[in-house]
Amino acid sequence: MGTKPDYEELAAQVKDLQKRLASMEKVRSQKQSLDSLIGLSGQYVWEWDFVAGVKTFSREFYRLTGLDARKKKFSAKDWENLIHPDDRAEYQEAVQKGVRLEAGRFDAEYRIRPKTGEWKWVFERAVVTERGENGTPLQIQGINSDITDAVRLKNKQFNSEQFIQSVFDAIRDGVTVLSPDLTIIRTNHSQRKRFRAKRPLIGRKCHQVFQNRNTPCKLCPALRCLETKASEQNEMRFEAESDPIWSEIHAFPLFNKQKEIVNILVYSRNITDKKKQEDEVVKTRKFRAIGALAGGIAHDFNNLIYAIKGNIDLAKKDRRPRKKILKNLSEIEKACNYARELISKFILLSSGGVPRIKELCITGLIKASVQTWVQNSKITYETIFHDHTWRVKADGDQMQRILFELVKNSEEAMPDGGKIVISVANHDAAVYSPSHPSAAVGRFVRLDVWDTGPGIPEQDLPIIFDPYFSTKARGAQKGMGLGLAMVHSVVEKHNGFIDVRNRRENGAMVTIYLPADTTTH
C-alpha cells in the first residue's frame with residue numbers, strides 16, 4: 001500500500017498557498033487602485049519587455065486610445081503603427097539614447113492615433129528597471145501623460161506670437177520692444193537688418209546696441225516715457241552697419257491691468273536722407289549768410305571810410321576857424337567809435353571774445369542796468385524775478401551786452417510805443433528742443449525777453465540768427481542785422497541755448513538758458 005499523505009504537511013502547504021494567493025490578490029488590488037489613481041490624472045503606466053519586444057499597458061491607455069482592452073500586449077510593430085510617422089524616428093532615437101545612459105532615463109513627446117483617428121499628444125517618461133549581466137536592457141517601465149490640450153494652447157500662443165512677429169516684420173521702419181530696464185526683448189526684421197553687425201540684439205541694453213554706450217542716453221525717449229507715462233519722441237543719431245543713420249524715435253508705454261508700465265514700444269523711422277537734405281539747405285543758407293555778411297561788412301566799412309576820408313579832406317581844405325575844423329574831427333571820431341563797436345561785434349561773432357566765466361547774479365545785473373537800456377520814452381518795461389533764482393556761470397560784460405541788444409531789438413520793433421518784459425526763473429530739467437539735439441540735462445537759469453510788438457514773420461524765424469539779416473530797414477541807428485547773431489554766439493560760448501518764437505498774443509519772445517552755478521546751491 002502506498003504511504004499515507006501527511007495531512008498536516010498538506011494542510012500547511014494549502015495554508016501557505018492561500019496566503020500567497022491573498023498576497024497576490026492584494027498586490028493586484030493595489031495595482032488596480034494605483035492604475036485608477038494614475039488614470040484620474042489622465043496618465044497611464046506601461047511595461048516594456050525589451051528582449052521580447054512586447055509592451056503592456058494600464059487600463060487608462062485603452063480609455064485614451066479607444067482600443068480593445070482585451071488586447072493585453074502590443075508588439076514592437078503594433079506600437080510603432082500607433083505613433084505618428086513624423087515622430088517615429090525621433091522617438092526611437094530618444095529610446096536608444098536613453099537606454100545607453102547609465103541612469104537609463106529618457107523623456108519623449110510624440111503623437112499617437114486613437115481609434116477615433118484624431119492624433120493625441122503624449123509626454124513619456126521612462127526608466128530601465130532591469131538589465132542583463134552585460135548591461136543590456138531587459139525591462140523598461142514608464143508613465144505617459146495626455147498633453148494634447150497643453151500642446152494646442154502652446155500652438156495657439158505660438159501662432160499668436162508668430163502673427164505679432166509677422167506684423168512687426170512687415171513694418172519697414174525699425175520696431176523694438178524694451179523691458180523697463182531698457183533691455184531689448186523683441187525686434188523686427190528691419191531693425192535686425194539695420195544692426196546685423198551687432199547681433200544678437202535680444203537680451204542686451206538698447207544703448208549698448210544702438211549707441212555703443214554703457215549708460216542710457218541723456219535724452220532717451222524711452223527713459224522719458226517711463227517718467228511721464230506718456231509717448232515721447234526725439235531725433236537721434238545711431239551707429240549702424242555702414243554709415244551713421246539719423247532716426248526719428250517714438251516711444252510708447254505699454255501698461256498692464258494695474259496701469260504699470262511693463263514694456264516700451266520704440267518705433268524708429270530712418271530720416272537720414274531728410275537730414276542730408278536739411279544739411280544741404282543749411283549749407284545753402286550758410287553761403288547766403290556769408291554773402292550777406294560780406295556785403296554788409298563792405299557796406300558798413302565803405303560808409304565809415306567814406307565818412308572818415310570825407311571829413312579829413314574837408315579839414316585839409318578848410319581855412320575856417322579852428323572850431324569848424326574840430327567839428328570835422330568830431331565826425332571822424334564818431335565814425336571811428338562806430339567802427340570799433342562794429343569790430344567788437346565781429347569779435348563776439350567769431351572764435352574770439354572768449355567769455356571770462358565767473359559767478360554772476362543775473363537778476364542783479366538786470367536791476368542795475370535795465371533803466372539805461374530802455375531809451376524810448378514811449379516804452380514801458382517790467383521785470384519778473386522768481387524767488388531764490390540761482391546764480392549763473394557767465395561773463396558779466398557779455399551778458400550786459402546781449403541783454404542790451406535784446407532790449408534794443410524789442411524797442412526798435414515798437415517805434416510807436418509798447419511794453420518789454422524781462423523774466424528770470426530756475427529751470428531744473430532737460431532743455432529739449434528739436435533745434436538743440438545736443439542739449440543736456442542739468443540746472444539752468446531761464447531768461448525770457450518779450451515785447452508787445454508785431455512779432456517776426458514765420459518764414460523769417462529759421463534765419464533770424466543769420467549775420468546781417470534784419471526785418472527792419474537799415475539806418476544810422478538800427479537795422480545793422482548783427483544783434484541777434486551776436487547774442488546767439490555769446491550764448492553758445494556760455495554752453496547755453498537760445499530760441500526765438502512768436503507769442504500767442506502778440507510780439508516776439510527770446511528765451512535763453514544759461515548753465516547755473518551749482519557750487520552755490
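Put simply, the side chain of Ile147 does not reach to within 4.5 Å of the side chain of Lys120, judged on heavy atoms. At a threshold of 4.5 Å between non-hydrogen side-chain atoms, the residues Arg192 and Leu201 count as touching. For the pair Arg503 and Trp450, the minimum side-chain heavy-atom distance is below 4.5 Å. Residues Thr383 and Phe385 form a side-chain contact, since some pair of their non-hydrogen atoms from C-beta on lies under 4.5 Å apart. With contacts defined as side-chain heavy-atom distances shorter than 4.5 Å, the pair His427/Tyr513 qualifies. At a threshold of 4.5 Å between non-hydrogen side-chain atoms, the residues Ile512 and Leu406 count as touching. Between Thr187 and Val175, the closest side-chain pair of non-hydrogen atoms is not below 4.5 Å. Looking at His386 and Val424, their side chains never come closer than 4.5 Å, going by heavy atoms from C-beta outward.
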Test log, rule side-chain contact (heavy atoms from CB on, under 4.5 Å), inputs Ile264 and Phe252: CA-CA 6 Å; Ile264 305 161; Phe252 305 91; over 6 Å; no
Candidate pair Asp107 and Arg125, rule salt bridge (charged side-chain N to carboxylate O under 4.0 Å, His left out), full reasoning: CA-CA 5 Å; Asp107 296 339; Arg125 175 157 289 172; 2.8 Å; yes
Ile184 and Val177: CA distance, side-chain angles, deciding distance, side-chain contact (heavy atoms from CB on, under 4.5 Å) verdict: CA-CA 6 Å; Ile184 300 172; Val177 179; over 6 Å; no
Asp397 vs Arg356, salt bridge (charged side-chain N to carboxylate O under 4.0 Å, His left out): CA-CA, chis, key distance, verdict: CA-CA 9 Å; Asp397 292 338; Arg356 291 172 291 182; 3.4 Å; yes
Chi angles and distances behind the side-chain contact (heavy atoms from CB on, under 4.5 Å) call for Phe210, Thr176: CA-CA 11 Å; Phe210 303 136; Thr176 305; 4.1 Å; yes
Verdict with reasoning, Ile261 to Leu226, per side-chain contact (heavy atoms from CB on, under 4.5 Å): CA-CA 7 Å; Ile261 297 178; Leu226 288 170; 3.9 Å; yes
Intermediate values then yes/no, side-chain hydrogen bond (donor to acceptor under 3.5 Å, both in side chains), His189 and Gln191: CA-CA 5 Å; His189 174 72; Gln191 197 77 320; over 6 Å; no
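Taking OG1 of Thr183 as the start and CG of Leu178 as the end, the distance is 8.0 Å to the nearest 0.5 Å. To the nearest 0.5 angstrom, Asn506 atom CG is 9.5 Å from Met414 atom CE. Between atom CD of residue Gln233 and atom CZ of residue Arg224 there is a gap of 8.5 Å, rounded to the nearest 0.5 Å. Note that CD of Glu232 is 13.0 Å distant from CD1 of Ile249, once rounded to the nearest 0.5 Å. Going from atom CD of Gln211 over to atom SG of Cys206 covers 9.0 Å, rounded to the nearest 0.5 Å. With rounding to the nearest 0.5 Å, the separation of CG in Asn270 from CZ in Arg194 is 5.0 Å.
A donor and an acceptor atom, one from each side chain of Ser410 and Asp451, are located under 3.5 Å apart. With no hydrogens or angles considered, no side-chain donor-acceptor pair links Asp499 and Thr511 at under 3.5 Å.
Residues Ser145 and Gln43 share a closest heavy-atom pair of OG-NE2, 2.8 Å. The two residues Val407 and Ile420 come nearest to each other via the heavy atoms O-CD1, 3.8 Å. Here the shortest heavy-atom pairing between Pro216 and Leu223 reads CB-CD1, 3.5 Å. The minimum heavy-atom distance linking Trp121 with Thr148 is given by the pair N-OG1, 3.0 Å. Scanning both residues, Asn495 and Pro515, for their nearest heavy atoms gives O-CG, 3.4 Å. Across every non-hydrogen atom of Arg391 and Val445, the tightest pair is O-CG2, 4.3 Å.
Between the Asn426 side chain and the His388 main chain, a donor and an acceptor come within less than 3.5 Å of each other. Judged by distance alone, the side chain of Arg111 and the main-chain N or O of Val122 form no donor-acceptor pair under 3.5 Å. In this structure, Asp173 contributes its side chain and Tyr267 its backbone to no donor-acceptor pair below 3.5 Å. With hydrogens and angles disregarded, no donor-acceptor distance shorter than 3.5 Å links the side chain of Asn263 to the backbone of Pro253. The backbone N or O of Trp246 sits less than 3.5 Å from a side-chain atom of Thr272, completing a donor-acceptor pair. Within the 3.5 Å criterion, the main-chain N or O of Ile366 finds no donor-acceptor partner in the side chain of Ser369. No donor-acceptor pair closer than 3.5 Å links the side chain of Arg401 to the backbone N or O of Gln398. No donor-acceptor pair under 3.5 Å is formed between the side chain of His494 and the backbone N or O of Gly496. Arg172 places no side-chain N or O within 3.5 Å of a backbone atom of Arg269 that could act as its donor or acceptor partner.
A salt bridge does not link Glu411 to Lys419: none of the charged side-chain nitrogens sits closer than 4.0 Å to a carboxylate oxygen. Salt bridge annotation for Arg443-Asp517: absent, with no cationic side-chain nitrogen under 4.0 angstrom from a carboxylate oxygen.
Among residues two or more places apart in sequence or in another chain, the salt bridge (charged side-chain N to carboxylate O under 4.0 Å, His left out) test is passed with Asp181 by Lys205. Residues meeting the ring pair (Phe, Tyr, Trp, His ring centres under 6.0 Å) test with Tyr110, sequence neighbours left out: Tyr91.
Counting heavy atoms of neighbouring residues, nucleotides and ligands inside a 6.0 Å radius, atom CG of Asn256 exceeds 12 of them. The number of heavy-atom neighbours closer than 6.0 Å to CD of Glu382, taken from other residues, nucleotides and ligands shown, is above 12.
A side-chain contact (heavy atoms from CB on, under 4.5 Å) with Val421 is found for one member of Val449, Asp448, Ile384 and no other, namely Ile384.
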